[in-house]
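Input: a single structure, listed below in structure tokens.
Note that these values count all heavy atoms, side chains included, but never hydrogens, waters or copies made by symmetry.
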Amino acid sequence: MVNEDSSPPAAPVRRRAFFGLAAVASAGGLVACSEPARSPEGAMSGIPAAPAGDHVRVLGVNGGPILSTTRSQPALALVVGTRVYLVDCGGNADQQLVESGIGFAGLGNIFITHHHADHVTGLTDVAMLGWTYTPSPVGDLDVWGPPKIDAVVSGMQQSLGEATRLFSGNRPPRRVTAHVISAPATGSVEVLRDDLVRVTATRVFHGPEVPDAYAYRFDILATGRSVVFSGDTAGPNDNLIALAQGADVLFHEVQMNSAVEKLLVQQAPAAKQPGLRKHLFNSHTDVSVVPQVAHQAKVRHLVLCHYVPADLPITQFYSAVQEACRRVGFNGRLTAPSELDVISL
């Protein structure tokens with residue numbers, strides 16, 4: 001993790017599984033701390049233990065449907081007490097829930113921001129392998145998302161029908177229920193209110209080919225703390241800024257357009273470059289713009305996520321956003337987390 005306490009980080013030391021280092025880097029990002037506490041499951045891998053209070057465990061930070069040996073696809077786990085609320089469920093989310101020590105027993109609600117593959121492909125594994133995970137199997141699941149989330153869940157259950165039948169003799173039954181969210185063009189809508197949190201959603205713009213893309217705000221009832229997840233969006237987005245007003249923490253996607261441009265020129269066929277450039281630049285938020293959102297929303301802590309390009313060191317995103325924070329006058333905290341880092345609320 002890179003944050004303002006690094007100022008800026010020193011030369012990075014890479015973190016790999018089963019190495020315990022005092023100041024470590026994961027996929028290019030630094031953990032700015034002394035020897036971190038370990039969770040029981042991650043005692044030998046340097047995974048920070050969960051704090052006593054409510055927090056977000058960063059399960060996946062990569063942007064795009066790209067397989068990686070060091071990073072997972074988007075998934076952020078809000079932990080309130082013993083309950084887990086998962087925002088997006090990209091590939092490897094199930095393994096990250098196990099690796100982090102969270103497990104599945106507290107997971108009851110999953111919130112999908114939009115239907116791009118890197119945000120939904122982990123649903124099947126969480127629903128099936130979480131159910132068969134003996135230490136802490138998942139129970140009933142409620143999956144919330146834009147229109148067609150019901151078709152996604154229905155198709156998932158159909159594809160798992162035989163596998164579920166084969167295991168149902170020695171597993172308690174569990175249901176997976178889809179909840180379609182219809183957000184207005186402007187403003188927000190309450191999605192869920194239980195005994196711990198109030199969840200509201202707003203519509204964000206993620207390109208004309210994605211008709212329904214959402215951001216979510218969680219207000220924790222017992223403490224009054226709040227956290228907002230931008231999902232994928234072109235910024236600055238007015239609906240998101242309104243949703244995030246006064247939030248304690250804002251997780252915002254980030255793209256480095258200059259690096260994307262280099263990749264397009266180097267790797268994409270010339271004929272396809274204009275279309276790809278238009279899609280990427282018009283549907284994501286550049287490093288120079290993200291602080292504007294945080295500043296206008298008056299949030300206290302800006303946390304970066306969904307890094308694009310996916311193979312760029314996290315330190316580069318942090319440095320670029322840090323400089324933009326100075327330009328726009330955002331004086332709140334800034335953090336660029338790595339896999340399995342923890343953000344306290």
For a quick test of reading the model, state the closest non-hydrogen atom pair linking Gly207 to Ser283 and the distance between them.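 Closest pair (atom of Gly207, atom of Ser283, distance): N-CB, 3.9 Å.
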
Is the distance from the ring center of Tyr216 to that of Phe229 below 6.0 Å?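 That pair fails the under 6.0 Å test.
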
Determine, using ring centers only, whether His306 and His116 are less than 6.0 Å apart.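 No, too far apart.
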
Assess whether atom [atom1] of [X] is packed by more than 12 heavy atoms of other residues, nucleotides or ligands within 6.0 Å.
| X | atom1 | value |
| --- | --- | --- |
| Gln158 | CD | no |
| Ile66 | CD1 | yes |
| Asp194 | CG | yes |

Qualifying residues under salt bridge (charged side-chain N to carboxylate O under 4.0 Å, His left out), relative to Asp150, sequence neighbours excluded: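 Checked Asp150 against salt bridge (charged side-chain N to carboxylate O under 4.0 Å, His left out); zero matches.
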
Atom pair OG1/CG of Thr200 and Asp219 - distance to nearest 0.5 Å: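 Thr200 OG1 to Asp219 CG: 6.0 Å, rounded to 0.5 Å.
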
For the CD atom of Glu339 and the CD1 atom of Ile314, what is their distance to the nearest 0.5 Å?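 Here the rounded value is 7.5 Å.
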
Ionic contact status for Arg83 with Asp195, cut-off 4.0 Å: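 The answer is yes: the pair qualifies as a salt bridge.
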
Fit a plane to each ring of Trp144 and His179, take the angle between them on a 0 to 90° scale, and name the class: parallel (under 30°), tilted (30 to 60°) or perpendicular (over 60°).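 Ring orientation of Trp144 relative to His179: parallel.
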
Test item: Asp54 side-chain N/O and Ile220 main-chain N/O as donor-acceptor pair under 3.5 Å: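 A pair under 3.5 Å: no.
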
Do Arg225 and Thr223 pair up side chain to side chain, a donor and an acceptor below 3.5 Å, judged on atom types alone?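 No, no side-chain donor-acceptor pair sits under 3.5 Å.
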
Can you find a side-chain donor-acceptor pair between Asn257 and Gln255 that sits under 3.5 Å?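 Yes, because at least one side-chain N or O of Asn257 sits under 3.5 Å from a partner of the opposite role on Gln255.
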
Determine whether His119 and Gln73 satisfy the following criterion, side-chain hydrogen bond (donor to acceptor under 3.5 Å, both in side chains), listing intermediate values before the conclusion. CA-CA 7 Å; His119 294 255; Gln73 291 172 4; over 6 Å; no

